[in-house]
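Quick notes on the structure that follows.
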Amino acid sequence: MPALAPAVARLRATLGEGDPAASLREFAVAAIRCFGRSLPLIAGLLAEASLREGFREMLAGTGGGPHIPVAVLGRHLAEEQRLGRFPAGTKPDAAAALLLGACFQRAVVVSLVGGLTDLGSDEDAAADLVAAVLGSAGPRDPAPRSRL
């Protein structure tokens, strides 16, 4: 997903430095927004077999694909774990898949229900998702908010 390349570069630049949770929150916000912009393309590819096959052929030629951000994030989390900055008992690849999968799900829900309900900001959602991945899923403040 080339649109995530700047967020990946910023994340890589934080390896071993700064607040890893803040870096993951920034990456998660970028992923939510990238997925939101990509939904029309994704829907078209999923709906039409010939487009999907052409997309797969293009990916085979470039080595890219939607699995790459999960692998990149997994490697980043593994390195942070090696440095003692990511929970030792957590599987980095699984955490990456969970975080990016949840970011994708949020983009879909926001696209489908939009302003019909208060989903909170992308930043709040990213903070909650990162807290869950890091193992501190409790409320960040005393006033719980209704979000999906």
Side-chain heavy atoms under 4.5 angstrom apart, residues restricted to Ile, Leu, Val, Met, Phe, Trp, Tyr: same cluster for Leu59 and Leu45? yes
Distance in Å, Phe86 CZ paired with Glu80 CD, rounded so as to fall on 0.5 Å steps: 9.0 Å
Checking one residue: Leu15. Which other hydrophobic residues are in its cluster under the side-chain 4.5 Å linking rule? Leu83
If Ile, Leu, Val, Met, Phe, Trp and Tyr residues are connected whenever their side-chain heavy atoms lie under 4.5 Å apart, and connections chain through other members, are Ile68 and Val70 in the same group? yes
Quick check against the 3.5 Å criterion: does Arg75 have a side-chain atom that pairs as donor or acceptor with the backbone of Asp93? no
Between the main-chain N or O of Gly64 and the side-chain N or O of Thr62, is there a donor-acceptor pair closer than 3.5 Å? yes
Give every residue pair that meets the side chain to side chain donor-acceptor pair (under 3.5 Å) criterion with at least one member in residues 50-61, sequence neighbours excluded. Glu48-Ser50
Can you tell me how far the CG atom of Leu77 sits from the CG atom of Leu134, to the nearest 0.5 Å? 8.0 Å
Roughly how far, to the nearest 0.5 Å, is CZ of Phe104 from CG of Leu39? 5.5 Å
Verify same cluster id: Val29, Phe27 (apolar side-chain graph, 4.5 Å): no
When every non-hydrogen atom of Val130 is compared with those of Ala28, the smallest separation belongs to CG2-CB, 4.3 Å
Heavy-atom closest pair (Gly65 atom, Pro69 atom, distance to 0.1 Å) is O-CD, 3.6 Å
Here the pair of heavy atoms bringing Gln81 nearest to Ala88 is NE2-O, 3.3 Å
Find the distance between SG (Cys34) and CG (Leu4) and round it off to the nearest 0.5 Å. 4.0 Å
Would you mind reporting whether His76 and Val8 have side-chain heavy atoms less than 4.5 Å apart? no
At their closest point, which heavy atom of Ala95 faces which heavy atom of Val133, and how far apart are they? CB-CG1, 3.7 Å
Between Arg33 and Glu123, is there a salt bridge with N-O shorter than 4.0 Å? yes
Check the hydrophobic clustering (I, L, V, M, F, W, Y; side-chain heavy atoms under 4.5 Å; chains of links allowed) and say if Phe35 and Leu41 are grouped together. no
Can you tell me how far CD of Gln105 sits from CG of Leu100, rounded to the nearest 0.5 angstrom? 13.0 Å
Please give me the minimum heavy-atom distance between Gly44 and Leu51, naming the atom from each residue. O-CD1, 3.8 Å
Testing the basics here: between Ala96 and Gly74, what is the closest heavy-atom pair and its distance to 0.1 Å? CB-N, 3.4 Å
Sequence neighbours excluded, which residues qualify as side-chain hydrogen bond (donor to acceptor under 3.5 Å, both in side chains) partners of Arg25? none
Does any N or O in the side chain of Ser111 come within less than 3.5 Å of the main-chain N or O of Ala107, such that one atom is a donor and the other an acceptor? no
Mind checking whether Thr14 and Glu26 have side chains closer than 4.5 Å, heavy atoms only? no
Quick check for you: to the nearest 0.5 Å, what is the distance between Ile32 atom CD1 and Asp122 atom CG? 5.0 Å
